[in-house]
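Worksheet for the structure shown next.
This structure is a prediction, so every number in the text was calculated from the model and none was measured.
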Amino acid sequence: MFYHVKELQFNARVSKPDPRFARLLLEQFGGGNGELKAAIQYFVQAFSCKNPYPDKYDMLMDIAAEEFSHLEIVGATIKMLLTGVDGEMKNAVENSYLGDMMEGNAVKENMIHQALFYPQFDVLTAGGPTVTDSNGVPWSGAYVNANSDLTVDLRSNIAAESRAKIVYEYLLKFTDDPDVRETLKFLMTREITHFQQFEAALDTIQPNFPPGVLQEDPRYGNLYFNMSQGEDAQGPWNEGTSTRTNEPWNRIDDVLEFVTETNGLKELDPDPDVMAMEQAEKKSRQLAKERSKEINSATPKKDIQWSEYTCKETV
C-alpha cells in the first residue's frame, strides 16, 4: 500500500518563474530517462523478486517509492516555474500577463518560435506538468526494462541511473536559478546513490556473469572481429585477456578470409586456451538448476498469499 506524505522529500524552491526551463524539466517528468520511468521500472521488476529474493524486493520497492518522490519534486518545481501562467491563461477577458510578455515583435516572434516545438505545453495544460518529454512525446511503457532476471534487471537499472544522472547534469547548464540548481543537484546525487545500490546488489548474486543462466559458446566468445578500415585501435577489448572469462582475445583482422576458411564459423578448430564446450554446457546446467531451485523452493504451490498480516498487541 502507498501512504502519501504531503511534504516533499527535498524542499524544492524557485527564485522566479521560468516557463522555458519548465519545459526542459519535463524531460525528467515524462521522458525516457525520467523519474516516472525509473519508478515504474523498479516497481515492475520487484514483483519477480518477492519470494526468491525478498531482500532485493525490499530494495527495489524502496527505490521505486523514492523515485515517485522525485517525480513529485520535479512536478512541483515545474508548477512553481510556471507561476502566473495558469491564472492568466484562464482569464478569458484580460491578457495582461501574457500581453506584457509578448510586447514587441521580437519577443512575440521568439515565443511563437518556442511554441512551434511543443505548443501543447502552454495551450493544453496552462501551467501544469504533462506526462510527456520536453517535446511533447507521451510517456510510454516501452521505456520500462524488466526481464525477470535480476542479473539483467540490475544492469538495466545501473544504465538507467547513469542516463538520468547525465540529463540532470545537462539541465544544470540551462538555469541560473540558485534554488532550482539546488534541487537538480539533489536529484542528480540520488541517481549516483541508486547506481551504487544496484551495483552492490548485483555483487551479492554470484555468479552473475554472463547475465542470465546460459554460458557462452566457447567457439565464439573470445573472437574480436576487426570490421573497419583505416588505422586500428587497440585496448583491453581486443588484446590481452577478456575481463570476466579471462580468455585471450583472438583478433581477426581479415574477417572475410576467416569466415570463408571456417565455412561460416562452422569449422572452427577448438582453442586450447578457452573453456571447452563440455565445460560450458556443464556450467549452464549447474547454474540453471541452482537458479530454478532458488525460485521454486521459495514459491508456495498452494494457499498462495502475497502478504502476511500480523496484529500488533495492544497494551
Would you please test Q41 and Y143 for side chain to side chain donor-acceptor pair (under 3.5 Å) and show each step? CA-CA 8 Å; Q41 177 161 306; Y143 297 152; over 6 Å; no

What residues, two or more places apart in sequence or in another chain, satisfy side chain to side chain donor-acceptor pair (under 3.5 Å) together with N147?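 In terms of side chain to side chain donor-acceptor pair (under 3.5 Å), with neighbours along the sequence ignored, N147 is linked to no residue.
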
If you measure from the Lys or Arg side-chain nitrogens to the Asp or Glu carboxylate oxygens, is any gap between R251 and D253 under 4.0 Å?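 Salt bridge: yes.
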
Could you tell me whether [X] atom [atom1] has more than 12 heavy atoms of other residues or ligands within 6.0 Å of it?
X: K301; atom1: NZ; answer: yes
X: Q279; atom1: CD; answer: yes
X: Y220; atom1: OH; answer: yes

Between CH2 on residue W249 and OG on residue S242, distance to nearest 0.5 Å: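 Rounded to the nearest 0.5 Å, the CH2-OG separation comes to 5.5 Å.
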
Assess, by modelled atom type and distance only, whether the side chains of D149 and T151 contain a donor and an acceptor separated by less than 3.5 Å.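 Short answer, yes.
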
Would K16 and T83 count as having a side-chain donor-acceptor pair, cut-off 3.5 Å?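 Looking only at side-chain atoms, T83 and K16 do not form any donor-acceptor pair under 3.5 Å.
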
Applying ring-ring contact (aromatic ring centres under 6.0 Å, His included), can you list everything that pairs with F29, at least two apart in sequence or on another chain?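 F29 satisfies ring-ring contact (aromatic ring centres under 6.0 Å, His included) with no other residue.
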
Quick check against the 3.5 Å criterion: does D177 have a side-chain atom that pairs as donor or acceptor with the backbone of V180?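 Side chain of D177 to backbone of V180, a donor-acceptor pair under 3.5 Å: yes, one is there.
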
Path from L150 to F209 over hydrophobic side-chain contacts below 4.5 Å: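 L150 and F209: separate clusters.
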
Does K165 have any salt bridge (Lys or Arg N to Asp or Glu O under 4.0 Å) partners at least two apart in sequence or in another chain, and if so, which?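 E169.
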
Is it true that the NZ or CZ of K50 lies under 6.0 Å from the centre of W306's six-membered ring and within 45 degrees of the ring axis?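 Yes, a cation-pi geometry.
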
